[in-house]
Participant: 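Please read through the structure below; I'll follow up with questions.
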Amino acid sequence: MGAQNDKTQSPATLMDVAKAANVSIATASRVLNGSTRRVRNQSYVKVMEAATKLNYRPNAYAQAVAKGTAPNIVLLVSDISDPYFAAVSQGVVKAAAEHGLTVTISVAPTPREELEAVRKATATRPRGIIIAESEYVDAPERGPLTNELRQYESTGGRAVFILNRDLPFPAVDVANDVGARAIARLIIDFGYTRPMILRGDETYRTSRERLDGVLAAFADAGVAIDPRATVNGRFNRTEGYAAIMQMARAGLLKPGDGALYEGRGVDSVIALNDVMAIGAMTALRANGIEPGIDVGVTGFGDIPYSADVYPSLTTVHLPLEQMGQAAVGSVLAKRDAQEVKGDGTDSGSAAAEPATGRLIYVQSAPDVVLRGSLPRK
């Protein structure tokens, strides 16, 4: 029975070490946790001998929390199965690992779930919270979310957004409007004048920016877009597929009575993200319309799968992993600057800029990747 008790005995605590060394817990903590405050040599020796005898192992997580934050980053995404968020997450995980930090990923597809996830995350006092969502710009949770994150930062944490949401925190951003204009001009230059546009929810900042860029490019070229030709694919492969199927059943895509563009039908599908484009290509084939032959198709994002589908997808390249890495860099920059300064104030360097309104552009002019889904007419 005694042997069983030895096997199940709890690890030695700081209190156990202090008791064995006949010193205070504060003294034992200074010795074992590397405090800069001096400890008498006799006490130091007694603490170290007791710790060795008891096989004491410091709790790194508890030490970090005691110092202000835990050694991890919380990442919030709206859909971990989406290759876009998977690629961003990979960048976050890689960059965090290089600095000895772990990453906890939470899924929060709605503003309310996002707010609740942030509240749960702040209770664990992580070193940083990175929010990579679809930027609900008009959600009533914006105010409470801002207050929650401000309180979190006041205790030493760091909040960073991936893609700008016009909140008073750093945001890693890309030039969505520039990329949208660029791909729309390519479509026009290749001879396409009757597009169908698959957008996301109107509450998504990304969808608004990309749609505005596409519409501006067609307007500049004097190409009128049929009012019925812009539909919501919800930035989702399944919804992109469903949108095309619905329009095909309504007789809007192929030439004929009632079709878009005064009966001529569409000659291209512009999806404002890649997963919608991939879903659209599957639906087009199901209705006897061959992508890359009968119609041109484009996406946005350049997720890893975009080069593997058939035909390979013409799209706007976004440096997804780099965006995740840049977010981790922003988390670390503020804290590192504070640690160097020693008093929690900004040192005036670029790494220590105030968070309010600060944008970090990882790509100011996104590249268009031309592939088989958009042949020249």
Side-chain angles (χ1 to χ4, degrees), residues 78-79 81-88 134 163 174-190 192 194-201 204-215 217-218 225 229-245 247 253 266-286 289-321 323 363 365-376:
S78 59
D79 184 1
S81 66
D82 187 322
Y84 170 92
F85 291 113
V88 169
S134 293
L163 299 181
V174 292
N176 279 302
D177 55 340
V178 176
R181 284 175 178 268
I183 200 162
R185 284 196 295 266
L186 178 68
I187 292 166
I188 295 165
D189 291 344
F190 274 28
Y192 296 90
R194 304 191 309 277
M196 172 192 165
I197 303 173
L198 276 174
R199 60 170 175 81
D201 284 344
Y204 291 1
R205 173 176 295 278
T206 291
S207 180
R208 289 184 185 180
E209 291 177 346
R210 294 176 187 176
L211 180 60
D212 288 347
V214 167
L215 295 178
F218 276 96
I225 296 178
T230 301
V231 297
N232 189 0
R234 300 186 184 280
F235 271 21
N236 180 290
R237 182 204 171 279
T238 301
E239 294 291 341
Y241 173 90
I244 294 292
M245 293 295 290
M247 296 192 79
L253 301 182
V266 303
D267 61 8
S268 54
V269 175
I270 304 172
L272 300 185
N273 78 355
D274 285 351
V275 292
M276 287 194 300
I278 292 170
M281 289 199 292
T282 302
L284 289 169
R285 286 197 191 90
I289 304 171
E290 192 62 33
I293 297 176
D294 301 321
V295 296
V297 181
T298 63
F300 204 113
D302 199 20
I303 62 174
Y305 303 151
S306 62
D308 298 329
V309 295
Y310 182 80
S312 55
L313 183 62
T314 293
T315 186
V316 177
H317 174 75
L318 296 181
L320 301 176
E321 280 196 35
M323 291 161 65
Q363 190 181 43
D367 299 321
V368 174
V369 182
L370 180 60
R371 300 192 179 110
S373 68
L374 189 75
R376 189 181 293 272

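In this text, all values refer to a predicted model and were calculated from it rather than measured experimentally.
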Participant: Within the 4.5 Å heavy-atom criterion, are Phe235 and Thr206 side-chain neighbours or not?
Facilitator: yes
Participant: Side chains of Asp302 and Thr315: donor-acceptor distance under 3.5 Å anywhere?
Facilitator: no
Participant: Grab the two heavy atoms, one from Asn232 and one from Arg234, that are nearest each other, plus how far apart they are.
Facilitator: OD1-N, 2.7 Å
Participant: Output yes when a side-chain donor or acceptor of Thr298 lies under 3.5 Å from a complementary backbone atom of Ile270, and no otherwise.
Facilitator: no
Participant: Considering residues, nucleotides and ligands other than Tyr305, do more than 12 of their heavy atoms fall under 6.0 Å from its OH?
Facilitator: no
Participant: Please evaluate residues Gln363 and Met323 with respect to the criterion side-chain contact (heavy atoms from CB on, under 4.5 Å), reporting the C-alpha separation (whole Å), side-chain torsions for both, the decisive distance (0.1 Å), and the verdict.
Facilitator: CA-CA 9 Å; Gln363 190 181 43; Met323 291 161 65; over 6 Å; no
Participant: With rounding to the nearest 0.5 angstrom, report the OG to OH distance, Ser78 to Tyr84.
Facilitator: 9.0 Å
Participant: Output the distance between atom CD1 (Ile183) and atom NE2 (His317), rounded to the nearest 0.5 Å.
Facilitator: 13.0 Å
Participant: Kindly indicate, with the supporting measurements, whether the criterion side-chain contact (heavy atoms from CB on, under 4.5 Å) is fulfilled by Leu313 and Ile303.
Facilitator: CA-CA 10 Å; Leu313 183 62; Ile303 62 174; over 6 Å; no
Participant: Measure the CG-CZ distance between Leu318 and Phe300 for me, rounded to the nearest 0.5 Å.
Facilitator: 5.5 Å
Participant: Any side-chain heavy atom of Val369 within less than 4.5 Å of one from Val316?
Facilitator: no
Participant: State the CG-CZ distance between Asp79 and Arg237, to the nearest 0.5 angstrom.
Facilitator: 13.0 Å
Participant: Please answer whether the main-chain N or O of Leu272 pairs with a side-chain N or O of Arg210 as donor and acceptor at a distance below 3.5 Å.
Facilitator: yes
Participant: Search all heavy atoms of Val275 against all heavy atoms of Pro83 and return the closest pair with its distance.
Facilitator: CG1-CD, 3.8 Å
Participant: Atom OG in Ser373, atom CD1 in Ile278: separation rounded to 0.5 Å?
Facilitator: 10.0 Å
Participant: What closest approach, in Å, do Met281 and Pro311 show between heavy atoms, and which atom pair accounts for it?
Facilitator: CE-O, 3.8 Å
Participant: Between the side chain of Asn236 and the main-chain N/O of Glu239, is any donor-acceptor distance below 3.5 Å?
Facilitator: yes
Participant: Using modelled atom types and a 3.5 Å cut-off, is there a donor and acceptor pairing between side-chain atoms of Ser207 and backbone atoms of Gly200?
Facilitator: yes
Participant: Grab the two heavy atoms, one from Ser268 and one from Tyr192, that are nearest each other, plus how far apart they are.
Facilitator: CB-CD2, 3.8 Å
Participant: Kindly give the heavy-atom pair with the smallest separation between Arg376 and Phe190, and that separation in Å.
Facilitator: NH2-CE1, 3.1 Å
Participant: Report the C-alpha distance between Val214 and Arg181 in whole Å, list the side-chain angles of each, state the deciding distance to 0.1 Å, and finish with yes or no for side-chain contact (heavy atoms from CB on, under 4.5 Å).
Facilitator: CA-CA 5 Å; Val214 167; Arg181 284 175 178 268; over 6 Å; no
Participant: Is any side-chain heavy atom of Val295 closer than 4.5 Å to one of Leu253?
Facilitator: no
Participant: Nearest heavy-atom pair of Ala182 and Val368: which atoms, and what distance?
Facilitator: CB-CG2, 3.8 Å
Participant: Less than 4.5 Å apart, any side-chain heavy atom of Phe218 and any of Ile187?
Facilitator: yes
Participant: For Arg194, is there any backbone N or O sitting under 3.5 Å from a side-chain donor or acceptor partner on Asp267?
Facilitator: yes
Participant: Considering the options Asp294, Val266, Ile289, which one meets the side chain to side chain contact (heavy atoms under 4.5 Å, CB included) requirement together with Leu284?
Facilitator: Ile289
Participant: Would a distance-only check, ignoring hydrogens and angles, find a side-chain to backbone donor-acceptor pair under 3.5 Å from Ser312 to Arg371?
Facilitator: no
Participant: Answer yes or no: is there a side-chain heavy-atom contact under 4.5 Å between Leu215 and Ile225?
Facilitator: yes
Participant: Show your working on side-chain contact (heavy atoms from CB on, under 4.5 Å) between Arg205 and Leu163 and close with a plain yes or no.
Facilitator: CA-CA 9 Å; Arg205 173 176 295 278; Leu163 299 181; over 6 Å; no
